[in-house]
**Q** 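Could you have a look at this structure, given as structure tokens, before my questions?
All chains are named by letter (A, B, ...) in the order of the sequence lines, taking the proteins before the strands, and each is independently numbered beginning at 1. Every value quoted in this text rests on a predicted model; they were computed, and no experiment measured them.
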Protein chains: 2
Amino acid sequence: MVKKQQSVRSVIIKAANELFYHNGYEETSFTQIAEKANISRGNFYHHFKTKEDILYAIVDYRIEDVTKTLKEWTETIKTPKARIKRFIQILRNDGDDAIEYGCPMGTLNTQLGKSHKDLQPYARGIFDLFKNFLTDQFTQLGFPKKKAEQYALHLISRNQGISVVAHTYHDIGFLKREADTLDEWVDQLLKK
Amino acid sequence: MVKKQQSVRSVIIKAANELFYHNGYEETSFTQIAEKANISRGNFYHHFKTKEDILYAIVDYRIEDVTKTLKEWTETIKTPKARIKRFIQILRNDGDDAIEYGCPMGTLNTQLGKSHKDLQPYARGIFDLFKNFLTDQFTQLGFPKKKAEQYALHLISRNQGISVVAHTYHDIGFLKREADTLDEWVDQLLKK
DNA sequence: GTCTATAAGAAGATAGAC
DNA sequence: GTCTATCTTCTTATAGAC
């Protein structure tokens, strides 16, 4: 069985993506990325001209990844309510990483909001994917567009807060308890 | 009227505190701090031996500041419920800064959680002040210790989520709407 | 495309004069 | 205590051989 050859560019992006998530953007050097990707520092510059370039590429990579995931959810999960609950389920599934490193989407935005304000609007595109997806679900449940959007942002906000506190306290129990509370919030809202 | 002379150490801490909040820890250089504090780079090292030293000093400064604030709240605000609502009110009062830079407490922890894992537990001390304060209020309202602590963390979590999303979208309307929703949550909880 | 070698600059940190 | 001058190390980035 032949494993599909990954392009060097793709290997670099995946290495950098993980390093940025674990150690932060500013704290990650080209040396580290090159080592993790098993290429020389010089070769790196053949694929990416500046450090910002790779950040853009990483955001694109994540957007592509999330888009694929949400498309799959839409196709395989039948009801809007179940899709909303699937979003909440991310907290439990990725709980260990969230405890250790926070939410990949949230921490990237928080960091860029300080060090690279020009790039932050671009990174916000990942939030938009979830926001639009959730808004769609609430709209399909009969809520007017504006209300649907507010509920979508509310859910994302709760999700982000849980990640921040769970990360700060390294508390997986808190995370699971709050995920349950979020599920209950959805149940209450849709019971009316 | 004579203005009280601030110590150089205090001036450095305040300058660094603002720079760390606005631009991030790793992104702030000694040159920037020295410029803002109007001292030479060399003088800086007379007061702080390493960059970590100043981070510890900043956390101490913030802890002192928050401790003073919470003491004042306890003395001037009569009911536990009103004190809890005062916590929520922070969102509205500091909304403009939150939109621009996020929550000072949350973003510091998020950043240290990546770049300086050893320092993060120290910075968590600021969270603990609010956590203990809110736990006290819920306890005084008759909730058992464990439940009181869970509600305290729930409130902090909601507060953090609101800051992250409001910062990401630079949306003050969202922040105010969600602060109102949090107030309602408290009303509902205490109505029972 | 991939490499080695190296440049140019900024960072944190130190030494020592005043 | 405060300054200027300097050191060392690490960073991003480039040049040019293969």
**Q** Tell me every residue that passes side chain to side chain contact (heavy atoms under 4.5 Å, CB included) with B:N38, counting only those two or more places apart in sequence or in another chain.
**A**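 Per chain and number, B:N38 pairs via side chain to side chain contact (heavy atoms under 4.5 Å, CB included) with no residue.
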**Q** Counting the benzene-type ring for Trp, do A:F30 and A:Y45 have ring centres under 6.0 Å apart?
**A**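 They qualify: ring centres under 6.0 Å apart.
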**Q** What are the bounds, 5' to 3', of the part of DNA chain C that sits under 4.0 Å from heavy atoms of chain B?
**A** C:dA11 to C:dT14
**Q** Could you list by number each residue of residues 10-24 of chain B showing a heavy-atom separation from DNA chain C of less than 4.0 Å, or answer none if no residue does?
**A** none
**Q** Which atom pair, heavy atoms only, marks the closest approach of B:L91 to B:S163?
**A** CD2-OG, 3.8 Å
**Q** May I have the list of side-chain donor-acceptor pairs in residues 18-27 of chain A shorter than 3.5 Å, sequence neighbours left out?
**A**
residue : atom : partner : partner atom : Å
A:Y21   : OH   : A:D97   : O            : 3.4
A:Y21   : OH   : A:G102  : O            : 2.7

**Q** Which ones in residues 108-120 of chain A lie close to DNA chain D, meaning a heavy atom under 4.0 Å from one of its atoms?
**A** none
**Q** Set out, in order, the CA-CA distance, both residues' side-chain angles and the distance that settles side chain to side chain contact (heavy atoms under 4.5 Å, CB included) for B:L112 and B:L55, then state yes or no.
**A** CA-CA 10 Å; B:L112 295 184; B:L55 190 58; 3.7 Å; yes
**Q** Partners of A:Q89 by side-chain hydrogen bond (donor to acceptor under 3.5 Å, both in side chains), sequence neighbours excluded?
**A**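 Per chain and number, A:Q89 pairs via side-chain hydrogen bond (donor to acceptor under 3.5 Å, both in side chains) with A:R92, A:N93.
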**Q** Can you list every pair that meets side-chain hydrogen bond (donor to acceptor under 3.5 Å, both in side chains) and has a residue in residues 110-120 of chain A, with sequence neighbours left out?
**A** A:K114-B:T107
**Q** Which atom pairs, donor and acceptor, lie under 3.5 Å between side-chain atoms of residues 165-177 of chain A and protein residues at least two apart or in another chain?
**A**
residue : atom : partner : partner atom : Å
A:H167  : NE2  : A:E100  : O            : 3.3
A:T168  : OG1  : A:V164  : O            : 2.7
A:Y169  : OH   : B:D128  : N            : 3.4
A:Y169  : OH   : B:D128  : OD1          : 2.6
A:H170  : ND1  : A:I99   : O            : 3.3
A:D171  : OD1  : A:G173  : N            : 3.0
A:D171  : OD1  : A:F174  : N            : 2.9

**Q** Distance alone, cut at 3.5 Å: any donor-acceptor contact between the side chains of A:D96 and A:Y101?
**A** no
**Q** If you fit an axis to the five pairs at each end of the helix from C:dG1-D:dC18 to C:dC18-D:dG1, how big is the angle between those two axes, to 10 degrees?
**A** 0°
**Q** Taking the six-membered ring where the residue is Trp, are the ring centres of A:F133 and A:W73 under 6.0 Å apart?
**A** yes
**Q** Between B:R62 and B:N17, does a side chain to side chain donor-acceptor pair (under 3.5 Å) hold up when you go through it step by step?
**A** CA-CA 9 Å; B:R62 290 199 193 178; B:N17 184 46; 2.8 Å; yes
**Q** Pull out every residue in residues 26-36 of chain A that has a heavy atom closer than 4.0 Å to any atom of DNA chain D, ordered by number, or say none.
**A** A:T28, A:S29, A:F30
**Q** So which heavy atom on A:G106 is nearest to which on A:F127, and how close?
**A** CA-CZ, 4.1 Å
**Q** Could you go step by step and tell me if B:L182 and B:I162 meet the side chain to side chain contact (heavy atoms under 4.5 Å, CB included) rule?
**A** CA-CA 10 Å; B:L182 250 190; B:I162 294 166; 4.0 Å; yes
**Q** So which heavy atom on A:I54 is nearest to which on A:I12, and how close?
**A** CD1-CG2, 3.5 Å
**Q** Name all pairs fulfilling the side-chain hydrogen bond (donor to acceptor under 3.5 Å, both in side chains) condition that reach into residues 145-158 of chain B, sequence neighbours left out, sorted by first residue then second.
**A** A:E178-B:H154, B:H154-B:R158
**Q** Search all heavy atoms of B:A152 against all heavy atoms of B:T135 and return the closest pair with its distance.
**A** CB-OG1, 3.4 Å
**Q** Less than 4.0 Å between a side-chain N and a carboxylate O, is that true for B:R83 and B:D136?
**A**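 Not counted as a salt bridge, because no side-chain N and carboxylate O are separated by less than 4.0 Å.
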**Q** Tell me, which of residues 42-52 of chain A have any heavy atom that sits under 4.0 Å from an atom in DNA chain C?
**A**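 Result for residues 42-52 of chain A: A:G42, A:N43, A:H46, A:H47, sorted by number.
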